[in-house]
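Note sheet for the following structure.
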Amino acid sequence: MSLNEDAAAALAKIARLQDLLGMDHFRAISNDRAARAVEGLSQDLSALAESRESLLAIDGIGPKIADKLIEFYRTGRMQELDDLQAQVPAGVLQMLDVPGLGPKTAAVLWKQGGIESIPQLKAAIDSGALLDLPRMGEKSIQKLKESIAIAEEGQKRLPLGVAMAVAEDFVESMRRVKGVVDATYAGSLRRGKETIGDIDVLVCVKKPDDAPHVAEHFRSLPRVNQVLTAGATKSSVRAAIRADNGRVGNGSTELRSKGGEIEEVSGPSVQVDLRVLPIEHWGAALMYFTGSKEHNIRLRERALKQGRTLNDYGLFPEDGEDTPPQTRGIKPIASRTEEEIYSAMGLPYIPPELREDRSELELTKTPRLIEIDDIKAELHAHTTASDGSMEIEELATEAKRRGFHTIAVTDHSKSSAIAGGLPVDRLLEHINAVRRVNDRIKGITVLAGSEVDILADGSLDYPDDVLAQLDVVVASPHTALSQEPSVATERLLRAIRHPHVHILGHPTGRLINRRAGLSPDMAKLIAAAVEHDVALEINAHWMRLDLRDVHVRAAVDAGCKLAIDCDVHAPGDFDNLRFGIMTARRGWLTPDLCINTWSATKLHDWLQSKRSGGTSNAPPSKKVPTKQPAKRSTTEAATKSRTKRS
DNA sequence: GCCGTTTTCGGCCCGACTGTTTTCAGTCG
């Protein structure tokens, strides 16, 4: 974990402990809010902590928390956290991981029941001792028992790609139900976060009377293995992650092994929340359930200042009454579409990926964020020469079918033995093979490249005279991924400064939920990439998403070029582009800075410009068909069009 | 513990669902 993540985790822990100890809840909220602010910082805390003023300038960080962060930066600890932890047994804190068991209940279990861990809680359930505690009846205890089982599975948040497949399966099923006008997913999935805690599904019905049977249908879908709550308009279930056929989801995201690194993702179930609502509240509900929570709170605060109140039914005039306006027949000012509500609040439409309370409410117009159809080139792909599954021609044909004007063949370099990395002689033959395919195939340019290992000391895996013969050099770290941050920074800087490098591939080498990867000083890498005209990669595979969103934002702010690549090993990998795009959008990326959006001429000229002395024998750009052969769609575009239809 | 075109002190988003309660507390999103 990076310093930012560690510091955020410490603040969040303070908040949890404060709630457990029954301290002022608003103090806990402040610590929690600050934790998320730190998590969302695009700059490294080590730079900010040098000056107290720069910390104080961050929204949600005041003098007390600034001092805690400085203390953490200098000593790696927070005294306050140590003090709080000394008062609470570690097992009590862990009990908060049990769904439905909050700080109040945990405190009662601990202080009145003497229960200090999940195992002790289980024993108390079995012995019947729990019944003696306040607000503990038969049903609560049964629920607790089931929730403990979930907590003990140690469920991590699901990677975006896995959650997406499950969500799309639910959405498709619900769309086929009688009385349903539309269905979509919301929550962090719609915002494109790299991991998803639970899945939110919104279903729109023509008549409110349809809601109960629609909800009932949802709860009886084949994936559902436990019903958590069952209301008329709201239900929660736990659903199997793996579909019956042993593959994940509808097959659009197939799990597979890749160079021995990415294997199947385990995790038996995920919580899916359903909300059923009539069409007139669709926009308000979609906004509300898309979140983020922090974005929603900011919106509501803004509404109150405007003399209005915002809830999941719409934007209403504030009349000081206690009961919700929609229950009193008050007509909303806006409610049917998200656009309408933002507009009524004097805001431009905010794309879901930006709704993180990271200054998006200061926007005066909707930024033209990058979209999936902007992408015209794939610059990181493997063939059977190393660990890919396609021949060069197959790869090129698939890329052409998907509407790209350029595909770069970038097989592994010699040190990546496990991935079939090419020794120099085989690389030279491979370059010729690529050139021959390029001569044969019409309508797409096939570039000869390599994904060159950045060795532990920052040197590259091929000599310069070999690299000079390649049209594209993607330099990536694959080994020594536990290096100290300072060592990793120097290593990657050396690669960026190398005159033959075009793209820094998956810069940290992390695998989500599996491997932390390198924690280089990203600000330094970005500055160097700008200086040496190197593009940083957003690796679109949902197990990587590397660069991550906050670093994309920092790169965008610095005017750094970015590449969004699928790291293609098999035909289906092109489908991961949507996840790279979502990550890019979360980093506020516009098309101009992304080299994959450029015209063939502009892209090929830029690649050539990095070849001093014109030693490259790269092929000239080809004419590409103006018609796009295969239409690709983004979830965001799909969601939007659904929203418009409803 | 943070924050301020009502405030430097007194606020701090809003509703659904559940279970154990005779009117509400706790949890979640």
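Note that these values count all heavy atoms, side chains included, but never hydrogens, waters or copies made by symmetry. Chain naming here is simple, since letters A, B, ... match the order of the sequence lines and numbering starts at 1 in each.
- The gap from the P atom of B/dT27 to that of B/dT21 amounts to 15 Å, rounded to the nearest Å.
- When rounded to the nearest whole Å, the span between NZ of A/Lys139 and P of B/dG26 equals 20 Å.
- Ionic pairing of A/Glu353 and A/Arg585 is present here: one or more N-O contacts between side-chain nitrogen and carboxylate oxygen are shorter than 4.0 angstrom.
- Between A/Ile29 atom CD1 and B/dC14 atom P the separation is 13 Å, expressed in whole Å.
- Between A/Thr309 and B/dC14, a side-chain N or O to OP1/OP2 separation shorter than 4.0 Å is present.
- In this structure, A/Glu146 atom CD and B/dG19 atom P are separated by 10 Å, rounded to whole Å.
- Annotation: of the two residues near DNA chain B, A/Asp273 and A/Asp312, the 5′-most nearest-nucleotide partner is A/Asp312.
- Residue pairs satisfying the side-chain hydrogen bond (donor to acceptor under 3.5 Å, both in side chains) criterion with at least one member in residues 102-121 of chain A, sequence neighbours excluded, are absent.
- Nucleotides B/dC28 and B/dT23, compared at atom P, are 26 Å apart to the nearest Å.
- One can place CE of A/Met136 at 9 Å from P of B/dT27, the figure rounded to the nearest angstrom.
- Qualifying side chain to side chain contact (heavy atoms under 4.5 Å, CB included) partners for A/Gln226, counting only residues two or more places apart in sequence or in other chains: A/Glu146, A/Ile150, A/Leu228, A/Arg238.
- Contacts between residues 97-112 of chain A and DNA chain B, defined by a heavy-atom separation under 4.0 Å, are made by A/Pro99, A/Gly100, A/Leu101, A/Gly102, A/Pro103, A/Lys104, A/Thr105.
- Residue-level contact check: A/Ala230 touches the backbone only, with heavy atoms under 4.0 Å from sugar-phosphate atoms and none from bases.
- Residues that satisfy the salt bridge (Lys or Arg N to Asp or Glu O under 4.0 Å) test with A/Arg302, not counting sequence neighbours, are absent from this structure.
- By the ring-ring contact (aromatic ring centres under 6.0 Å, His included) test, A/His281 pairs with A/Tyr313, sequence neighbours left out.
- Under a 3.5 Å cut-off, the side chain of A/Arg510 and the backbone N or O of A/Leu545 do form a donor-acceptor pair.
- Atom C1' of nucleotide B/dC14 and atom NE2 of A/His25 are separated by 13 Å, given to the nearest angstrom.
- B/dT8 sits 14 Å from B/dG1 when the C1' atoms are compared, rounded to a whole Å.
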Report each atom pair, protein N/O against N/O of nucleotides 1-4 of chain B, whose distance is under 3.5 angstrom.
{"from": "B/dG1", "atom 1": "OP2", "to": "A/Arg27", "atom 2": "NE", "distance (Å)": "3.1"}
{"from": "B/dG1", "atom 1": "OP2", "to": "A/Arg27", "atom 2": "NH2", "distance (Å)": "2.9"}
{"from": "B/dG1", "atom 1": "O6", "to": "A/Asp24", "atom 2": "OD2", "distance (Å)": "3.3"}
{"from": "B/dG1", "atom 1": "N3", "to": "A/Ser30", "atom 2": "OG", "distance (Å)": "2.8"}
{"from": "B/dC2", "atom 1": "OP1", "to": "A/Gly62", "atom 2": "N", "distance (Å)": "3.1"}
{"from": "B/dC2", "atom 1": "OP1", "to": "A/Gly62", "atom 2": "O", "distance (Å)": "3.3"}
{"from": "B/dC2", "atom 1": "OP1", "to": "A/Lys64", "atom 2": "N", "distance (Å)": "3.4"}
{"from": "B/dC2", "atom 1": "OP1", "to": "A/Ile65", "atom 2": "N", "distance (Å)": "2.9"}
{"from": "B/dC2", "atom 1": "O5'", "to": "A/Gly62", "atom 2": "N", "distance (Å)": "3.3"}
{"from": "B/dC3", "atom 1": "OP1", "to": "A/Gly60", "atom 2": "N", "distance (Å)": "2.7"}

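- A gap of 25 Å separates the C1' atoms of B/dG10 and B/dG15, to the nearest Å.
- A salt bridge is defined here as a Lys NZ or Arg NE, NH1 or NH2 lying under 4.0 Å from an Asp or Glu carboxylate O, and A/Asp319 with A/Arg308 fails to meet this definition.
- For A/Tyr313, whose side chain is taken as the heavy atoms from C-beta onward, the closest listed nucleotide among B/dG15, B/dC12, B/dC24 is B/dG15.
- With hydrogens and angles ignored, the 3.5 Å screen pairs a side-chain donor or acceptor of A/Ser30 with a backbone N or O of A/Phe26.
- What separates CG of A/Leu133 from C1' of B/dG26 is a distance of 15 Å, to the nearest Å.
- Across the strands present, B/dG11 finds its partner in B/dC2; the criterion is a Watson-Crick or G-U wobble pair with both atom distances under 3.5 angstrom.
- Across the P atoms, B/dC13 and B/dG19 are found 28 Å apart, a figure rounded to whole Å.
- Checked for salt-bridge contact, A/Arg36 and A/Glu294 meet the test: a charged N lies under 4.0 Å from a carboxylate O.
- Nearest to the side chain of A/Asn311, among B/dG19, B/dG29, B/dG15, sits B/dG15.
- Atom CG in A/Asp19 sits about 12 Å away from atom P in B/dG26, given to the nearest Å.
- If you check B/dC14, B/dG15, B/dT20 against the side chain of A/Gln326, the one that comes closest is B/dG15.
- Checked for salt-bridge contact, A/Glu338 and A/Arg355 meet the test: a charged N lies under 4.0 Å from a carboxylate O.
- Comparing B/dC17, B/dG15, B/dT18 against the side chain of A/Thr233 picks out B/dC17 as the nearest.
- Looking at heavy-atom distances under 4.0 Å, A/Arg275 makes contact with sugar-phosphate atoms alone, never a base.
- Residue A/Arg300 contributes atom CZ, which lies 7 Å from atom P of B/dG15 at whole-angstrom precision.
- Listed here is the closest heavy atom pair of A/Ile297 and A/Arg33: CG2-NH2, 3.2 Å.
- Nucleotides of DNA chain B nearest to A/Leu228 and A/Pro324 differ in position, and the one nearer the 5' end is that of A/Pro324.
- Taking atom P on both B/dT7 and B/dC12, the two are 16 Å apart, rounded to the nearest angstrom.
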